[in-house]
Amino acid sequence: MQPLKISLETAQKLAKALGVPIEQVMHMPPHILMKKLLELEKKETEHDKP
């Protein structure tokens, strides 16, 4: 599998947000990455609700 075509800065931000090593982010299948990002967004949205 080829690494994702994202910038280093983006990969660093994603790794920090997801709590995984940057190498894992770069080699993560795109559909898995999208699923994790949606889960992260859902948690943030639930946290922001009063």
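These numbers come from the heavy atoms of this one structure, side chains and all, not from hydrogens, waters or symmetry mates. The first residue of the sequence shown is numbered 1, and numbering continues consecutively from there.
Contact check for Leu37 versus Leu14: side-chain heavy atoms found under the 4.5 Å cut-off. Residues Leu33 and Leu18 are in side-chain contact: their nearest non-hydrogen atoms beyond the backbone lie under 4.5 Å apart. In this structure, Ile6 and Met26 have side chains that are in contact, with non-hydrogen atoms separated by less than 4.5 Å.
For the atom pair CE of Met28 and NZ of Lys35, the computed distance is 11.5 Å after rounding to the nearest 0.5 Å.
Residues meeting the side chain to side chain contact (heavy atoms under 4.5 Å, CB included) test with Gln12, sequence neighbours left out: Leu8, Ile22. Residues passing the side chain to side chain contact (heavy atoms under 4.5 Å, CB included) test with Glu41 are Leu38, Thr45, sequence neighbours excluded.
Taking every heavy atom of both residues into account, Val25 and Ala11 meet most closely at CG1-O, 4.2 Å. Closest approach of Pro21 and Ala15 over heavy atoms only: C-CB, 4.2 Å.
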